[in-house]
Amino acid sequence: MGFAYDWTRELATCDPAYYRWEQWLFTRLFEKGLVYKKRAMVNWCPNDQTVLANEQVIDGCCWRCGGAVEQRQIAQWFLKITDYAEELLADLDRLTGWPEQVVTMQRNWIGRSEGVEIAFVVPGSDQAPEQLCRVYTTRPDTLFGVTYLAVAPEHEIARQAAASDPALAAAIDACRPGSVEQATIDTMEKRGVATGRFAIHPLSGAQLPIFVANFVLIGYGEGAVMAVPAHDQRDYEFAGKYGLPLKPVIVPEGFAGDPGSLIEAAAYTEKGVLVDSGEFTGLTSAEAFDALAQHLEARAQGKRRVNFRLRDWGVSRQRYWGTPIPMIHCEQCGDLPVPEADLPVVLPEAVTVDGAGSPLGRIPEFYSVDCPGCGAAARRETDTFDTFFESSWYFARFACPDQTGAMLDERANYWLPVDQYVGGIEHAILHLLYARFFTRLMRDVGLVDVDEPFERLLTQGMVLKDGAKMSKSKGNTVDPQEIMERYGADTARLFIIFSSPPEQSLEWNDDGVAGAHRFLRRLWGLGQELIAAGGYETPAVELDGAYAELRQSLHQQLTQANYDFGKHQFNTVVSAGMKMLNAMTQCPAAESAADRAQRDWVLGEGFEMLLKMLSPIVPHITDLLWRKLGHTGAVLNEPWPEPDPAALARSEVEVVVQVNGKLRARVALPVGCAEDEARAVALAEQNIQRFIDDKPIRKLVYVPERLINIVV
RNA sequence: GCCCGGGUGGCGGAACUGGUAGACGCAAGGGACUUAAAAUCCCUCGGAGGCAACUCCAUGUCGGUUCGAUUCCGACCCCGGGCACCA
């Protein structure tokens, strides 16, 4: 295809020489306290005895055996990306070279919110001591509307309730969602079960029942929420289902009716003014936020808190193919990183893969190690890294792929940030966020000085095949090889570029290939003619009308093409090139020697402009024509063509005349024409008179060099 | 469900900051050249009416703002991407 890849920088992320540096970085992060282990949920197929990816769970069932998938909590390693949440969010404003939609998606993903953490006292029972149930809310103004609490099935209160009551335990168990996938949790039927325990409302002292609910996640926030069914739609539906009371406490400003009338069909989720809220009644939502926060803080019942939607990055995968996580577990010393001298931990390749769990856990030579702390027998971690690890820093490694003594060297600092990064829009959040995070981690261990990895970002739209994303994993890819073999690389490039702007998604269809090839044949044809003509010289006299016009249109098209290049709208660059070629091939043959000199010049100059303009798109044919025209260097090394202002100068422009906003005539006006004159010319048009008829002119809008709109 | 995009002729798409809707190309139809085919060139090509000049309708749907809306605002429908273990 004529790509200009620098193969001397080739690297393979499955090579221990590459992934050892991820292991090294991970151990550094462990020492810095940015790595921790906690229990987290995975999809577990009890039949296949294996962990499933979300993609492999279909309607709550295993894609391979079809059996029901369970949720299982296992210990996993996490990176504290939330420590960087504030910075990752704030620096989005500096990414001026990124598409706004990607910045917006990242901002929403990080999801900073300001709220209040509130502690509800849960009195002791026969089976459990008194304790606190903490919740986080962004709507403390609705606090008096709380009628129950909901906790995750794994919450301590749920566990205690389950321990004392087998029937309840089963009911709580049924509250575990069929998949850990967020979309499943959001769209599944909301279910819950009362734990039989109560919490005390911190201000009113009311007894609030505590439910276990399937939509509350233990891994997010406090694993518990306060429910305000009158003002939250999910709580509203849940309360309706389980016959829980609604207590409206917010009404619109100026509202004097019955608050209950606002919540007959749905929750009232707007902000407003507080009612039925004790001493806070009458405050606006904004005032109540501060007043309640202050009140709770003074009584040590709560505190203001900034919360992020972003969760820490779980990097453990219970898979064989991956970078071994460089940790060792010792009964005495706990979890210790593999000493730097022992890196890399190489993935053993002589293994039997039988589908039941990771083979690494069945290779004693792999997992049996001596504790690097006390020397006692210990066990090596058998999980591997999320493969996003590999893609989070490869761009930096390209700067110094031969560096064997360090993860990166000063060359990475020289090259970073990447000037122009190109990737699919499907990576808008995860890959790009992890790469931004990794760049900061590498910065904070002293490897680079930059904060951001990618200066400018171009997100390609997806190529669809039969309506779905074309991807290696789906196997619905097409290869341009066939087009290349039949028409050559330039045709393949031109066709793809011309199909649509790169940011747009595109249903693959190669119907236009012949047209792209036809254009190159015509370009070649004109080239041969000009080569035969043997060069050109700038004529001493001014250009005649037709030649001046042709030159003007060629320079106009170049202006447009340069503008479109700047917008990365390459398809219209090709259009402009086609228009230039069309204009040149329609130029009549010269009648006289004087004409001939003008013709040769306009075409010669225009053709060379066109070659330079198209050289990034169709490098082979343009370079060949360039050299055949007698030039010695490569066309790609030529300075970029700029339009000649003299060629663009116009004396007259076509202006559209509308009557009541509808196009009725076109007139030619001199550039810089005053409104009076434009008006006179417009009114002289027969069709304009016809539409004005005898109606009085109410208004006349004149946009110089564009249009005249006569309102009658 | 939530977040981000998109919807314009038979098709890919164009339309600058609210100012000529359909550029450029594909496909299709008609014609020229040719013994024939290929290649090339010319003409037509959103829908409807009209010998024609021209007129009416039309940018997913409905409504709004404006002299003027594909473009801005509101509601809705449909399609795609992401939703933390596909990467």
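Everything numeric in this text was worked out from a predicted model, so none of it was measured.
- Stem analysis of RNA chain B (at least three stacked-register Watson-Crick or G-U pairs, each with both distances under 3.5 Å) gives B:1-7 with B:77-83, B:10-12 with B:24-26, B:28-32 with B:40-44, B:46-49 with B:54-57, B:60-64 with B:72-76.
- For A:Lys37, the salt bridge (charged side-chain N to carboxylate O under 4.0 Å, His left out) partners two or more places apart in sequence, or in a different chain, are A:Asp335.
- Formation of a donor-acceptor pair under 3.5 Å by the A:Tyr18 side chain with backbone atoms of A:Tyr394 is found in this model.
- The aromatic rings of A:His431 and A:Phe388 sit parallel, their planes meeting at an angle under 30°, below the 60° perpendicular limit.
- The aromatic rings of A:Trp77 and A:Phe26 sit perpendicular to each other, their planes meeting at more than 60°, with 30° as the lower class boundary.
- Look at the P atom in both B:rG10 and B:rA23: the space between them is 14 Å, to the nearest Å.
- Of the side-chain N and O atoms in A:Asn687, none sit less than 4.0 angstrom from OP1 or OP2 of B:rA53.
- Between the base of B:rC85 and the side chain of A:Gln318 there is a donor-acceptor pair shorter than 3.5 Å.
- The side chain of A:Asn582 places no N or O atom within less than 4.0 Å of a non-bridging phosphate oxygen (OP1 or OP2) of B:rA23.
- Residue-level contact check: A:Arg234 touches neither bases nor backbone, having no heavy atom under 4.0 Å from any strand.
- A:Gly606 approaches A:Met584 most closely through the heavy-atom pair C-SD, 3.9 Å.
- The gap from the P atom of B:rA48 to that of B:rA52 amounts to 14 Å, rounded to the nearest Å.
- Contacts of A:Phe691 with the nucleic acid, taken as non-hydrogen atoms under 4.0 Å apart, involve only primed sugar atoms and P, OP1 or OP2.
- For A:Trp98 and A:Tyr421, the ring centers are positioned 6.0 Å apart or more.
- For A:Leu550, the side-chain contact (heavy atoms from CB on, under 4.5 Å) partners at least two apart in sequence or on another chain are A:Ser553, A:Leu554, A:Ala583, A:Cys587, A:Val602, A:Leu603.
- Residues forming a side-chain contact (heavy atoms from CB on, under 4.5 Å) with A:Ala514 (at least two apart in sequence, or on another chain): A:Tyr487.
- Paired with A:Ile617 under the rule side-chain contact (heavy atoms from CB on, under 4.5 Å), one option of A:Val574, A:Asp490, A:Thr622 passes, and it is A:Val574.
- Checked against side-chain contact (heavy atoms from CB on, under 4.5 Å), A:Thr459 has the following partners two or more places apart in sequence or in another chain: A:Pro99, A:Val102, A:Ile425, A:Leu457, A:Glu503.
- On a pure distance criterion of 3.5 Å, no polar donor-acceptor pair joins the side chain of A:Arg698 and the base of B:rC67.
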Show every donor-acceptor pair shorter than 3.5 Å between a side-chain atom in residues 653-665 of chain A and any protein atom, with sequence neighbours excluded, or say none if there are none.
{"unit_1": "A:Asn660", "atom_1": "OD1", "unit_2": "A:Val712", "atom_2": "N", "d": "2.9"}

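- Comparing B:rU20, B:rA23, B:rA84 by their nearest atom to the side chain of A:Arg309 picks out B:rA84.
- Taking the nucleotide of RNA chain B with the nearest heavy atom to each of A:Gln586 and A:Val656, the more 5' of the two is matched to A:Val656.
- Residue A:Lys699 places at least one side-chain N or O under 4.0 Å from the OP1 or OP2 atom of B:rC67.
- Scored by the ring pair (Phe, Tyr, Trp, His ring centres under 6.0 Å) test, A:Phe389 finds A:Trp313, A:Phe385, A:Phe438 as partners (sequence neighbours excluded).
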Checklist outcome for this item: With B for base contact, S for sugar-phosphate-only contact and - for none (protein heavy atoms under 4.0 Å), nucleotides 7-19 of chain B reads -----BSSSB--B
Could you run down the sub-3.5 Å N/O contacts of the protein with nucleotides 28-30 of chain B?
none

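- Across all strands shown, A:His431 has no heavy atoms under 4.0 Å from either base or sugar-phosphate atoms.
- A residue-by-residue look at A:Met578 and A:Glu100 shows that A:Glu100 has its nearest nucleotide of RNA chain B further toward the 5' end.
- When the ring pair (Phe, Tyr, Trp, His ring centres under 6.0 Å) test is applied to A:Phe215, the partners found at least two apart in sequence or on another chain are A:Phe238.
- Between A:Glu55 atom CD and B:rC85 atom P the separation is 12 Å, expressed in whole Å.
- Rounded to a whole Å, the CD atom of A:Glu181 is 11 Å from the C1' atom of B:rG82.
- Heavy-atom distances under 4.0 Å link RNA chain B to A:Gln76 of residues 68-76 of chain A, given in residue order.
- Using a 4.0 Å cutoff on non-hydrogen atoms, the parts of residues 516-524 of chain A near RNA chain B are A:Arg518, A:Arg522, ordered by number.
- A:Arg666 has no side-chain polar atom (N or O) that falls below the 4.0 Å cut-off from OP1 or OP2 of B:rU20.
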